[in-house]
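Dropping a structure here in structure tokens format, bear with me for questions.
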There are 2 protein chains.
Amino acid sequence: MHLLSSTEARLIEAALDLLGERGYKGATTREIAARAGVAEVTLFRRFGSKARLLAEAVRRAGAAFKEVAAHPSGDLRADLRTLAELYRGQLQRGGALVFVMASEAAREPELRRALGEALAGRLVTVAGFFKYYQAAGELRGGETAALIHAFFGPLIAASLFGVALERAPALDLEAHIEGFLRGWSA
Amino acid sequence: MHLLSSTEARLIEAALDLLGERGYKGATTREIAARAGVAEVTLFRRFGSKARLLAEAVRRAGAAFKEVAAHPSGDLRADLRTLAELYRGQLQRGGALVFVMASEAAREPELRRALGEALAGRLVTVAGFFKYYQAAGELRGGETAALIHAFFGPLIAASLFGVALERAPALDLEAHIEGFLRGWSA
DNA sequence: TACTTATGTAAGTATGCACTTACTATCAAG
DNA sequence: CTTGATAGTAAGTGCATACTTACATAAGTA
């Protein structure tokens, strides 16, 4: 995990942005390069191919998120709020499409693998987070999958609605957390 | 809304399938036609363009769903179960990508409009459904948006995880409904 | 100064895609 | 038995895209 040159960092930023706006096939190398303010050929010199650039971009995304989920503070409600805010920020940057790309880009094995690993890693971290609060007696026991779906699902849904509709119903974070806690507290 | 010829019906089926598997740009007219068992040129004769075919496909999808949501039975839990099952079935057929296409296909105004209308129509229907049970005193008052996100979000999340991962955590429908009712019952 | 490294410009290749055109085959209805 | 509708085959057009190659430039370093 070496540091990124500014050129590489700008390409990754631009790639993430465009991924969110247009999806995998819609994010063209020309446009990524233009948005990053570099020549298209530089993209290929640095990353070799579009698939590899996007795989890198996906790998880098979400480090802060894992950081929080890996270290529960003991204050469940506060942690949930932080996670929700972080996750929402990521979704706005196209994180939602991580999922979709997995199908859209199914033909690029390298990209698919990177996506799968990134997502799986996060899920494991998040599962550990919920298990911690289950063990602490604050959340009901049972499958952590149910907690993951219940907590992140509404965030994802709100983000997808926002992408698809002009006047999408907004998600009230406080209400969401309130409902989640009511539904799943021990 | 005239009836579909079998050719048209098969094209729409195939389009919906491939949309789910590959996304908008990934679903090529060649492959759609092949899966439908017709010549590619027939697709263009019938629908004029790829965008119009997909817009039609999206429009037709989900009639059964609206049917249920528009007529609450009075038994909230049973209705929720039916809706969840119907919705999950649709998501498996690529319904989740309806959202994503909206960004991926942002350049096709006709498709984007059809998607927006289809989605907006459903949201209105579903909002009405929840309002009915709020008025009946079974669900807490407040924004119906929160209920929509809380109920459908987890279904969407589970579907997206399933697309992206080989061994995705499954969603236990009963547990989901249970948690939802706990969290949002009056 | 000479060499290296990171970038740029410009042109081009190969491929895949949506969509078109021209012609043929089948079949049901009048 | 002709006509019209619906389908097919085959070939091709035009364009956008990922990726390549060749050459130039500027800056930093030995």
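Just so it is clear, the model here is predicted, and its values are computed rather than measured. We name chains A, B, ... by the order of the sequence lines, and we start the count at 1 in each one.
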- Just jot down the side-chain hydrogen bond (donor to acceptor under 3.5 Å, both in side chains) partners of B:Thr42, sequence neighbours excluded, or say none. none
- Message: Just to be sure I understand the rule, does B:Val41 reach a base, reach only the sugar-phosphate, or reach nothing, if contact means heavy atoms closer than 4.0 Å?
- Response: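 Base contact.
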- Here the residues of residues 27-36 of chain B within 4.0 Å heavy-atom distance, strictly under, of DNA chain D are none
- Message: Going 5' to 3' along DNA chain C, between which two nucleotides do contacts with chain B fall, using a heavy-atom cut-off of 4.0 Å?
- Response: C:dC17 to C:dT21
- B:Ala175: partners by side-chain contact (heavy atoms from CB on, under 4.5 Å), with sequence neighbours left out: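 Per chain and number, B:Ala175 pairs via side-chain contact (heavy atoms from CB on, under 4.5 Å) with B:Asp172.
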- Message: List the residues meeting side-chain hydrogen bond (donor to acceptor under 3.5 Å, both in side chains) with B:Gln134, not counting sequence neighbours, and say none if there are none.
- Response: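 Once residues adjacent in sequence are excluded, B:Gln134 has no partner under the side-chain hydrogen bond (donor to acceptor under 3.5 Å, both in side chains) criterion.
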- Message: Taking side chain to side chain donor-acceptor pair (under 3.5 Å) as the cut-off, I'd like each qualifying pair that reaches into residues 66-77 of chain B, sequence neighbours left out, listed once.
- Response: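 Only B:Ser73-B:Asp79, B:Arg77-B:Glu178 qualify under side chain to side chain donor-acceptor pair (under 3.5 Å).
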- Query: Under a 4.0 Å N-O cut-off, is there an ion pair linking B:Glu13 with B:Arg35?
  - Reply: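 No salt bridge links B:Glu13 with B:Arg35.
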- side chain to side chain donor-acceptor pair (under 3.5 Å): pairs with one or both residues in residues 138-151 of chain B, sequence neighbours excluded: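 Residue pairs passing side chain to side chain donor-acceptor pair (under 3.5 Å), neighbours aside: none found.
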- Item | Residues which pass ring-ring contact (aromatic ring centres under 6.0 Å, His included) with B:Tyr133, listed by chain and number, not counting sequence neighbours | B:Phe129
- Message: Filter on salt bridge (charged side-chain N to carboxylate O under 4.0 Å, His left out), then keep only pairs touching residues 44-56 of chain B, sequence neighbours left out; what's left?
- Response: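 Checked against salt bridge (charged side-chain N to carboxylate O under 4.0 Å, His left out) - neighbours excluded - the pairs reaching residues 44-56 of chain B are B:Glu8-B:Arg46, B:Arg52-B:Glu110, B:Glu56-B:Arg59, B:Glu56-B:Arg60.
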- Heavy atoms of chain B, cut-off under 4.0 Å: which first and last nucleotide of DNA chain D, 5' to 3', fall inside that, if you could look? D:dT6 to D:dT9
- Message: B:Ala36: which residues meet the side-chain contact (heavy atoms from CB on, under 4.5 Å) condition with it, sequence neighbours left out?
- Response: B:Arg10, B:Leu11, B:Ala14, B:Val38
- With A:Arg81, which residues qualify under salt bridge (charged side-chain N to carboxylate O under 4.0 Å, His left out), at least two apart?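 By the salt bridge (charged side-chain N to carboxylate O under 4.0 Å, His left out) rule, A:Arg81 matches A:Glu174.
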